[in-house]
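Structure, as structure tokens:
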There are 2 protein chains.
Amino acid sequence: MAATIKDIAKLAGVSPGTVSRVLANKVGFFSEYTGEKVRAAAAELGYQKNTAAAELVTQRSNVVAAIVNSTKTNFASPIIEGIQAEAHRHDLNVIILYAGDDDSEQQRRALTTVIERPVRSILLLSVDLAAENLALLQNSRIPFCFLSISFDEIQVPYITSDDWQVGYQATQTLLKLGHQNIGLAGVDSDFHTGRQRVAGYRQAMREAGITIQPEWIQLGNYSYDAGQMAMQAYGADSGLTAIIGGSDMAAVGVLNAARNLGYRVPTDLSILAIDGTEICELVQPALSSISQNFYEMGVAGVQQLCAPGELPQKITPIKLVERDSLQRNS
Amino acid sequence: MAATIKDIAKLAGVSPGTVSRVLANKVGFFSEYTGEKVRAAAAELGYQKNTAAAELVTQRSNVVAAIVNSTKTNFASPIIEGIQAEAHRHDLNVIILYAGDDDSEQQRRALTTVIERPVRSILLLSVDLAAENLALLQNSRIPFCFLSISFDEIQVPYITSDDWQVGYQATQTLLKLGHQNIGLAGVDSDFHTGRQRVAGYRQAMREAGITIQPEWIQLGNYSYDAGQMAMQAYGADSGLTAIIGGSDMAAVGVLNAARNLGYRVPTDLSILAIDGTEICELVQPALSSISQNFYEMGVAGVQQLCAPGELPQKITPIKLVERDSLQRNS
DNA sequence: AGAGGCATTGCAAACGTTTGTGTAAAGTGC
DNA sequence: GCACTTTACACAAACGTTTGCAATGCCTCT
């Protein structure tokens, strides 16, 4: 149906090889005259290159795939923007696949769609791969790198923030404001990221000489609901003066549930979010946050895959962004 | 490097053709015995199919591409979920491409990446294609369908809500609550969608016998900033008792700016959002909305592309979702 | 004039599949 | 035991490119 280089070759009266060289603009391999003739023929036929065929013979591709864990985590967007920007610089194209939340079957589908095709490399945004899927990925021999997620048990390349520091600095921030009874809401201690954040929180509290009450740590899956449930578990007279939300969404959940319980934020209760995505600015009061540099993570991910041999695990910096949800505890 | 069917063929002592048939599970074309032998060999070699090669010869593909306009519009997620779910049902794989906001160069890049590859069809989520890019798309002969965007000048397939009705019903909702001075904030009248919403608004006001003051309509690009700027333009004593946000984001912008101007929502000012994404539930007060069924749009998009010959323009239903941002005007 | 070099182009193999056609062996019915 | 069908497989072409190699013609130098 669609025009091929053979059609162009016939129309321009040259061989397919020559057409290929002209279209790839391999200077020095064709005369000005035939170059024009071929380009004219291509334009006339509305030629569209079949990249799949080209990739088949060249055995390389300029597509990088980003697999994201779900549409729910809103921090995916700055990462993707970072990936796009850096990929553009390296003349790469980006395709994105959704892998669902905890659905190992959907993960497998996303993974095989990219593995079965010539992609140059794979970036996994915060996707916690089931063991068999990780095996699939490693087996494929395609370079990959995890983003915004880290591991302790297994040895894989990843780029993320230092989650221990995230927990530690969040807690420190509140301690410095004079808070003592500090809750941690909505983190998932089943995985490395959450465990590290809890550990950082514990260490900061320990250094301050504060004994953590067990109910101060409310685990969850970083979601809005998790934040709400955590706050409900704390209740109307929790004794807490500050709460760290395990993610922005969790913090918003805490915020709204706290308001329903009669708390005023930040007067009665300070809330500190972790992530620092745009949602922090949308709610009232705007949530102060320990912010991760997601854009930078995306950039670093592409760079890492373009410069193999680099160290496979990298930490991006975090910083406190003050907005309106924190107050000194008097 | 990677194993091919030829390697399997050699190992299993059969021809590549037979391997292909076994792996494609073409029952009746091979004996139980060779089937086992081939599968064992494939497993041993860690074989991964090269789908690109297969697609080259079969001239068809099971990939559908979704091109989304930017990472900013948060309604993309339910549409994508709808696409994924329905695509799964048809045994299709989905890849997603970002096309930037108003960057025709980035649009072109996204478009060519999919056109140059064997994709079965293309869904464009709310992307307003530059003329030359539309030509590119149409020229490619790949079936496509626009989602959540409509056109009047050009004849292309699209699935969206009835934007005139959106504007009309939003206005009606507020009129029924006794409001008369109603603002419309952040819609973009440069394109069909925005024009229609404005037209619906005008018609409802006309029917109610209300003369619209020019400053009541504050145009913008549906963003949070657009909402904020609109509200700032209205000012602290606008005389308005209700405002329609052109999108959820715009409505949140209106909400926060209104609060800064001293308005209490909904006591002093009712706000009605258009779209009804999750952000409406996250802010306080939760925003009532004219909600679109984005998930359904995604589903319908895939169905439309799987059943060609169907009518190419479809309207998905809208509905009012009441939350906490509306109050009767007394 | 012969040798060598260069510019331009054609030829053909290769990439990893799918699938139509050919064919030998085995099975079936009389 | 013959003709016929079925089963199970091999063979080879094809998909649309890229690219190494060969071939041609022309130019330049000695």
Side-chain angles (χ1 to χ4, degrees), chain A residues 1-39 41-42 45-63 112 115-120 140-142, chain B residues 1-39 41-42 45-63 112 115-120 140-142:
Chain A
M1 183 69 217
T4 72
I5 51 170
K6 290 181 189 171
D7 301 324
I8 299 177
K10 208 169 294 173
L11 184 57
V14 297
S15 76
T18 302
V19 174
S20 173
R21 284 184 259 254
V22 170
L23 263 23
N25 206 25
K26 290 213 187 301
V27 282
F29 278 88
F30 55 90
S31 68
E32 192 51 45
Y33 173 64
T34 42
E36 267 322 304
K37 225 172 31 179
V38 167
R39 272 186 283 266
L45 293 173
Y47 172 72
Q48 280 296 338
K49 174 171 172 171
N50 184 331
T51 300
E55 286 172 346
L56 184 59
V57 17
T58 62
Q59 302 279 54
R60 77 183 90 94
S61 154
N62 67 343
V63 173
T112 54
I115 290 178
E116 288 185 353
R117 262 154 247 279
V119 305
R120 182 199 178 96
S140 77
R141 306 231 148 278
I142 301 176
Chain B
M1 185 67 217
T4 73
I5 52 170
K6 289 182 189 169
D7 301 324
I8 299 178
K10 210 169 293 174
L11 184 57
V14 297
S15 78
T18 302
V19 175
S20 173
R21 283 185 253 256
V22 170
L23 264 22
N25 207 26
K26 291 214 188 300
V27 283
F29 277 89
F30 55 89
S31 67
E32 192 51 45
Y33 172 67
T34 41
E36 268 320 306
K37 226 171 31 178
V38 166
R39 272 185 283 265
L45 293 172
Y47 172 72
Q48 280 295 339
K49 174 173 173 171
N50 184 332
T51 301
E55 288 173 345
L56 184 58
V57 19
T58 62
Q59 302 279 54
R60 79 183 88 93
S61 155
N62 67 343
V63 173
T112 53
I115 290 177
E116 288 185 354
R117 262 155 249 278
V119 305
R120 182 199 179 95
S140 77
R141 309 230 145 279
I142 301 176

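Residue numbers begin at 1 in each chain, while the letters A, B, ... track the order of the sequences.
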- Query: If you pin B:Ala53 and B:Lys26 to their nearest nucleotides in DNA chain C, which one's is more 5'?
  - Reply: B:Ala53

Below 3.5 Å, can you tabulate the donor-acceptor pairs from side chains in residues 47-56 of chain B to any protein atom, sequence neighbours excluded?
from    : atom 1 : to       : atom 2 : distance (Å)
B:Asn50 : OD1    : B:Ala52  : N      : 3.1
B:Asn50 : OD1    : B:Ala53  : N      : 3.1
B:Thr51 : OG1    : A:Glu116 : OE1    : 2.7
B:Glu55 : OE1    : A:Arg117 : NH1    : 3.3
B:Glu55 : OE2    : A:Arg117 : NH1    : 3.0
B:Glu55 : OE2    : B:Ser61  : OG     : 3.4

List, one per line, each side-chain donor-acceptor pair under 3.5 Å for residues 16-27 of chain A, sequence neighbours excluded.
from    : atom 1 : to      : atom 2 : distance (Å)
A:Thr18 : OG1    : A:Ser15 : OG     : 3.2

- Item | N/O (side chain, A:Gln59) to phosphate O (OP1/OP2, C:dG16) under 4.0 Å | yes

Check nucleotides 8-10 of chain D against the protein and report each pair of N or O atoms closer than 3.5 Å, with its distance, or say if there are none.
from   : atom 1 : to      : atom 2 : distance (Å)
D:dC9  : OP1    : B:Ser31 : OG     : 3.3
D:dC9  : OP1    : B:Thr34 : OG1    : 3.2
D:dC9  : OP2    : B:Ser31 : N      : 2.7
D:dC9  : OP2    : B:Ser31 : OG     : 3.2
D:dC9  : OP2    : B:Thr34 : OG1    : 2.6
D:dA10 : OP1    : B:Ser15 : N      : 3.2
D:dA10 : OP2    : B:Ser15 : N      : 2.6
D:dA10 : OP2    : B:Ser15 : OG     : 3.0
D:dA10 : OP2    : B:Thr18 : OG1    : 2.7
D:dA10 : N6     : B:Arg21 : NH2    : 2.9

- Message: Taking side chain to side chain contact (heavy atoms under 4.5 Å, CB included) as the definition, give me every residue that meets it alongside A:Leu11, ordered by chain and number, with sequence neighbours left out.
- Response: A:Ala41, A:Glu44, A:Leu45

- Task: For A:Thr34, enumerate each residue passing the side chain to side chain donor-acceptor pair (under 3.5 Å) test, keeping only those at least two apart in sequence or located in another chain.
- Result: A:Ser31

- Quick one: A:Ile8 CD1 to C:dT9 C1', roughly how many Å, whole number? 17 Å

Do any N or O atoms of the protein come closer than 3.5 Å to N or O atoms of nucleotides 22-28 of chain D, and which pairs are they?
none

- Per the end-axis method with five pairs at each terminus, what is the bend angle of the helix from C:dA1-D:dT30 to C:dC30-D:dG1, to 10°? 40°

- Query: Base, sugar-phosphate, or nothing: which does B:Lys6 touch, judged by heavy atoms less than 4.0 Å apart?
  - Reply: base

- Query: CG of A:Asn50 versus P of D:dG16: gap in Å, rounded?
  - Reply: 7 Å

- Message: Heavy atoms only, 4.0 Å cut-off, all strands: where does A:Glu116 land among base, sugar-phosphate and nothing?
- Response: nothing

- Spacing between A:Asn25 atom CG and D:dT19 atom P, to the nearest angstrom: 14 Å

- A:Ser20 near the nucleic acid: base, sugar-phosphate alone, or nothing, with a heavy-atom cut-off under 4.0 Å? base

- Summary of salt bridge (charged side-chain N to carboxylate O under 4.0 Å, His left out) pairs that have at least one residue in residues 30-39 of chain A, sequence neighbours excluded: A:Glu36-A:Arg39

